[in-house]
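A, B, ... follow the sequence lines: proteins, then strands. Residue 1 opens every chain.
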Number of protein chains: 2
Amino acid sequence: MAEDVFKALADPTRRRILDELVERDGQSLFEICTRLVTKHGLGLSRQAISQHLAVLESAGLVVTRREGRYKFHDLNTEPLERIMTRWLRPDRPEDTP
Amino acid sequence: MAEDVFKALADPTRRRILDELVERDGQSLFEICTRLVTKHGLGLSRQAISQHLAVLESAGLVVTRREGRYKFHDLNTEPLERIMTRWLRPDRPEDTP
DNA sequence: ACGATAGGCAAGTGATGACTTGCCTATCAA
DNA sequence: TTGATAGGCAAGTCATCACTTGCCTATCGT
């Protein structure tokens, strides 16, 4: 649902996670944790990140695959593409196909 | 700031307001109130809508112009176009909140 | 001048959301 | 098996947010 996508995007930490997945797809929870801490200095617990990933997943922005004890997270931009054109009026010459 | 834009879009009522302004630009506060009530059955006070409009305005999604005792609200899609491509182009992650 | 219209300001309330802590299960390596 | 790794579940705290209520200012028409 569109509601879930907008709410998922409302949090800066979740947007950081999406940035991280754009840069490197298929990361595990712990990978994302360490990269958020080392690269952006975010002091968040593992559970916090886990909950953020759950929100992103239920919004369809992240899809997961399990392999053994690892759970890999992949970005899915399809919900974004559906949503962003909602208020873009068709009177813009460069954007209208 | 991108943060304000995402937070502004997080609320369903504010998204309704943007829908309303796409359909008919330059409405006053009372016009928006009555249209939200009659067309979508939203039972909200005038102040609630006013606060939502303030959020949208500080996010840059709505620009206002005063004429006498009227204040007209116009849609501005420029902030949307800036944040849209953040995760759609893997080469260039953008800066943030 | 008056009353009616259009809008703003500020404090208070109730709900949602972000984050933590503690404990639990499952998988792998030695 | 033991211990370490990867992750999940649930309750609790604290802040933010949406919305209301009440009162205030400014502008217009008569």
Find the distance [X]:[atom1] to [N]:[atom2] and express it as a whole number of Å.
X	N	atom1	atom2	answer
E57(A)	dG7(D)	CD	P	13 Å
R65(A)	dA6(D)	CZ	P	16 Å
L53(B)	dC9(C)	CG	P	13 Å
H73(A)	dG8(D)	NE2	P	6 Å

Does the side chain of [Y] come within less than 4.5 Å of [X]'s, by heavy atoms?
X	Y	answer
H73(B)	E57(B)	no
L29(B)	K71(B)	no
L18(B)	V62(B)	yes

Can you pull the ring pair (Phe, Tyr, Trp, His ring centres under 6.0 Å) pairs that have at least one residue in residues 21-65 of chain A, sequence neighbours excluded? none
According to a strict under-4.0 Å criterion, is S28(B) in side-chain N/O contact with OP1 or OP2 of dA6(C)? no
Checking E31(B) against R35(B) for the salt bridge (Lys or Arg N to Asp or Glu O under 4.0 Å) test, could you report, in this order, the C-alpha distance in whole Å, the side-chain angles of both residues, the deciding distance, and whether it holds? CA-CA 6 Å; E31(B) 281 181 282; R35(B) 289 172 77 106; 5.9 Å; no
Counting primed atoms, P, OP1 and OP2 as sugar-phosphate and everything else as base, the B/S/- map of nucleotides 17-30 of chain C against protein heavy atoms under 4.0 Å is SSBBBB----BS--
When clusters are formed by joining ILVMFWY residues with side-chain heavy atoms under 4.5 Å apart, either directly or through shared neighbours, do L42(B) and V55(B) land in the same one? no
How far apart are the closest heavy atoms of L56(A) and A8(A), and which atoms are they? CD2-CB, 4.1 Å
What parts of residues 29-42 of chain B reach DNA chain D, counting only heavy atoms under 4.0 Å away? none
Going from CD on E20(B) to CD1 on I49(B), what distance comes out if it is rounded to the nearest 0.5 angstrom? 10.5 Å
